[in-house]
Each structure stands twice: as C-alpha cells, then as structure tokens.
Amino acid sequence: MEMQIDLNIFKKTFAVKTEDNRHTISGNNAGTLFKLFPFDSHPGSAAVIRHLHNVVGEFFRRIQKERIPKVQFEEVLPAIKEKIHFEPKEAEAIFDALVKSKFFDQDQHFKPTNISTYKFIACNTKEKKIAAYLYDTLCAGADMQYLVEQAVINGKYDVLTDLVITHMASMAQMMENDKPYKPIVKTIQQVFYEDFSFLLQDENFASEYMIDFLEHYYFFYTSQACMFLSQFFLADRQNEINPLYYSIDWEKTVQTRPCYTDGWLKLKKYLPKLFSHAVTLEILNQNENEDKLDYLDIRDILRNHPEKDNDYARQIMEAAKFYRACIHDCPALKEIALRETETKTEQAIRYLFDSVFTQFVNTGRHRANDSYTEKFELFCKNRFLKNRKTSGYMLNLTDRDLLFLTKLCSKGRRMPLHDLFKEMKRRGIYLDYQSILIVKDYFERLNFIEKKSDSGDAQYVKAIL
C-alpha cells in the first residue's frame, strides 16, 4: 500500500473550477473514491431512513451476490399458476387470495416468510446504500454466503412457498461488484459473525429479530466509527469497544450517572465531525490505487517505513494548501495552527482535517455538514433514544431490546449473570450499577434468574430462547 495524492484527480472529484487563477470547489463529493458512511450532504434530503425494515432484502442480496428485480404480485401469480390445475374452477380465486395474503402486504409489497425469501424484499436507493455499508463493514472477509445457504437448506417450506421461491429465484442475476465501504472498526466483525450465525440457526428467532439485529449493528458500528476516527493515529483497531452507557426504558435517571454523561451526550460530541472525516479521507485517497487508506493504514505504513514521513507530510500539506485556496469566505482558516504530533504526517492530516471542519462550521456550507450528520441522528432518535425531559435524549433499552440481547448473548444457553453483562459490552451495551440492578429485578420477575447458592452470589440467566 502507498499513500499518494494526485491533485488532478482531486480537481475532478471536487469539481474544482478555475477562473483568473482563482480556484473554487463546486462540490464536496466525499464517497467518490473513499466510501466511509452511507449518508449524503444534501440539505432537505427527502428520505431519511428511520428503520431498516427494507434494508434486510438488499443486505441478503449482497451476501448471496444476487440482483433481483422488484417482486410484484401481478407477475408472480400467473407464473406459479401455470404449474397448477384448479378443480373446481372456483378454487382459483381462493388460491389467488391466499398467495396475496401470504406473500404481499396491503401496499402490494413483498413480505418474507422465511430466510430464503429475505432477498426478495424491495428497497429504495438510500436503503441499498445502508445495506452495502453494513455488508462491507461487518462482513468483510467472512463467508456469510455459506451461512445463509446452510440456513436455506435447513429451512422448512410448504408447497406454496416452494413454488413462489422457485419462480422468483429464476429472475436472479449475478450482482456486479461496486466500490466497497472501508471498514474502520474491525473488532466488531467477529462478534457480528458469531451473532449472525446464531440468528440463522432458528428461523423463528431470525424472523422476529432480524430487523432489530441489523439496526443494532448499524448503530453499534457507526457510533464506534465516529469515536474511533477522532483519535486519528492514536486509535487501536484491536482495542476494546469505546464505552457508551444506556439506560433502561422504565428506570429513573439523573445527570450524574454514566447513562447521561457517557451515553448519547458523549457520542453527540463526535457527530458534527463525521462529514469532515469523510472529506479528509476522500482527499487523502485521491489516486488510482485500488487499496484505500484510513488514518491507521497510513500510520502503520510509517511505522514500517519512517523514511516516508516527510514525503507524505509534503503531499498532504500541498493538498491542504490547495483546498484552503479554494475557500474564499472563511477568515477563520487563518487561525488554524499546526498541532504537536509524533509524526509530520499526522500533523499534516490534522491540519487538513481542521481546515475542512473549520470551513464547514464557519460558512453557509454548515447546512451540508448538518444534513450529513442528521441522517444518522434521526435514525438514532427513532430507534435508540428516549427523551428524558430535563436530561434530554439518552440511549435507551426497551424490554424487547433486553430480551433480544439476552438471547443473542447467551446463544440459548444458561449463562452466569455477570458473563451476560460482559457479552453485552462486546456488543457495545454498557450499563452502570443502577441499571444492572434494574435488569436483575426485571429478570427475577420473569423468573429468568437461577440461583446456585443461598447467598445469591452465583446467579445464572436461564436459557430463554
């Protein structure tokens, strides 16, 4: 791998216009050569994805490497009826109604009946981007296709479902490869593989929680990536998860607890910088190289080849200088100073990032920056946040979330209670002492706790799958 910045490619990517030796950037096209997040920066963008109901379909198509046209009732019905003789004739109308009710909702959208039919769920362009993002960042290097194929083989199908699947599968084409999203936080991939493998083993469990599963990992990965990027060269791919504390839906909270200070309030500080990281990494990868580099890739190259430090720093500073020359409405750029860092390259990267961030914050282009962040923030508010009045929004676990996470962490086996909370941490769920007591009380009321001693020291969560 090699870091290289080609300013001619930069000018094309960022649509740089030149008039009378004056350069102007026409668009911040982050995601052209370096795909980081599945968001766009267009203010007032119509479709903000607040849930991942339809993302499931494209996610499975990515895994199975298939491209499938939108499944429509008017096309499916005649095709499967060709193989059926109706006697008496009135039975045909009953069959039509059965197919419609079993496989299509009131809006004529296809609804899955088992794992083999997930790939037929239609979605829009924005949902496809999120599915690609989840696949590229969480499934990289793992044979997810084999897991799905085994789940399909082991699935239970009635004759009608088999007819529908056979017809729809005949429409499938090979999916073309596109430019992948760059995995930033790789420690999540192993636990994702473990959980996805377990989820596919039980069709009922998968049917009930597949959307919850993808929504959890969408938030988990993205939130960790937000915090990870802001560490620049100091981040550690092999380090433990950066803690984010949750509160339990029905518990009372105060602003001195970690669920307030180290939860959403902590994460929210990083969100305004997402677009600036996307733009910075885009600039650092303005080249024709197939391998794209994030901050730690560049750091690791320098550790093995410290002699490259001066050259890399020079290239980055030249790109930063050109970028800054394209910005004519931000006096605050003049106030940016070089930071003290271990290498000249990191110093140059931070200078470039500070320049990008400063011009977004201090110009009318803040609308693009805000819009980029808003895509993720609105999803969080819809799915993982609760308004605690004077404390504002806090990360939140409902009773459904607790049951889902417990099943996922325990893998359907009896587990020591303290191990359950350790496994939740592996999945990005941190609870303070008060919240743990609330969870224990909840499990006891559901008779999920098994005590192995009179003192109650050895407590186990029963197998609840």
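The chain is numbered in sequence order, starting from 1.
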field: Aromatic Phe73 / basic Lys100 pairing, under 6.0 angstrom, 45° off normal
entry: yes
message: Does this structure show an ion pair linking Arg299 with Asp236, if we count only N-O contacts that are shorter than 4.0 Å?
response: no
field: Salt bridge Glu444-Lys440, side-chain N to carboxylate O under 4.0 Å
entry: no
query: Side chains of Asn396 and Asp249: do they bring a donor and an acceptor to under 3.5 Å?
result: yes
- request: Would you confirm whether Gln315, through its side chain, and Ile5, through its main-chain N or O, come within 3.5 Å as a donor-acceptor pair?
  value: yes
message: Check Lys126 with Asp40, please: is the shortest side-chain N to carboxylate O separation under 4.0 Å?
response: yes
query: Is Lys182 salt-bridged to Asp297, cutoff N-O under 4.0 Å?
result: yes
- prompt: Side chains of Lys273 and Asn369: is there a donor and an acceptor less than 3.5 Å apart?
  reply: no
message: Looking at Lys411 and Asp195, is any side-chain nitrogen of the basic one under 4.0 Å from a carboxylate oxygen of the acidic one?
response: yes
- prompt: Between Arg383 and Asp212, is there a salt bridge with N-O shorter than 4.0 Å?
  reply: yes
message: One thing to verify: whether Arg237 and Asp300 come together as a salt bridge, which I'm taking to mean a side-chain N less than 4.0 angstrom from a carboxylate O.
response: no
query: Does the pair Arg350/Asp354 count as a salt bridge with the N-to-O cut at 4.0 Å?
result: no
task: Look at atom CZ of Arg414 and say whether more than 12 heavy atoms of other residues, nucleotides or ligands are closer to it than 6.0 Å.
output: yes
Expected output: side-chain Thr373 to main-chain Leu271 donor-acceptor under 3.5 Å: yes
query: Taking atom types as modelled and ignoring hydrogens, do the side chains of Ser41 and Arg367 form a donor-acceptor contact shorter than 3.5 angstrom?
result: no
- prompt: Do we see a donor-acceptor contact under 3.5 Å between the side chains of Tyr221 and Gln189?
  reply: no
query: Taking NZ, NE, NH1 and NH2 as the nitrogens, is one of them in Asp178 or Arg62 under 4.0 Å from a carboxylate oxygen of the other?
result: yes
message: Just to verify, which of Tyr270, Phe360, Tyr372, Phe232 counts as forming a ring pair (Phe, Tyr, Trp, His ring centres under 6.0 Å) with His277?
response: Phe232
query: Is a salt bridge present between Glu346 and Arg339, judged by a nitrogen-to-oxygen distance below 4.0 Å?
result: no
- prompt: Counting distance only, does the side-chain N/O of Glu208 pair as donor-acceptor with the main-chain N or O of Phe205 below 3.5 Å?
  reply: no
- request: Please confirm whether the backbone N or O of Thr32 pairs with a side-chain atom of Glu282, one donor and one acceptor, at under 3.5 Å?
  value: yes
message: Can you tell me how the ring of Phe59 sits relative to the ring of Tyr135, calling it parallel under 30°, perpendicular over 60° and tilted otherwise?
response: perpendicular
message: For Asp291, is there any backbone N or O sitting under 3.5 Å from a side-chain donor or acceptor partner on Asn289?
response: no
task: Could you label the plane-to-plane angle of the Phe196 and Phe192 rings as parallel, tilted or perpendicular, counting under 30° as parallel and over 60° as perpendicular?
output: parallel
- prompt: In terms of ring plane angle, is the pair Phe376 and Phe219 parallel, tilted or perpendicular, where the classes change at 30° and 60°?
  reply: parallel
message: Check this for me: does any side-chain nitrogen of one of Glu215 and Arg50 sit under 4.0 Å from a carboxylate oxygen of the other?
response: no
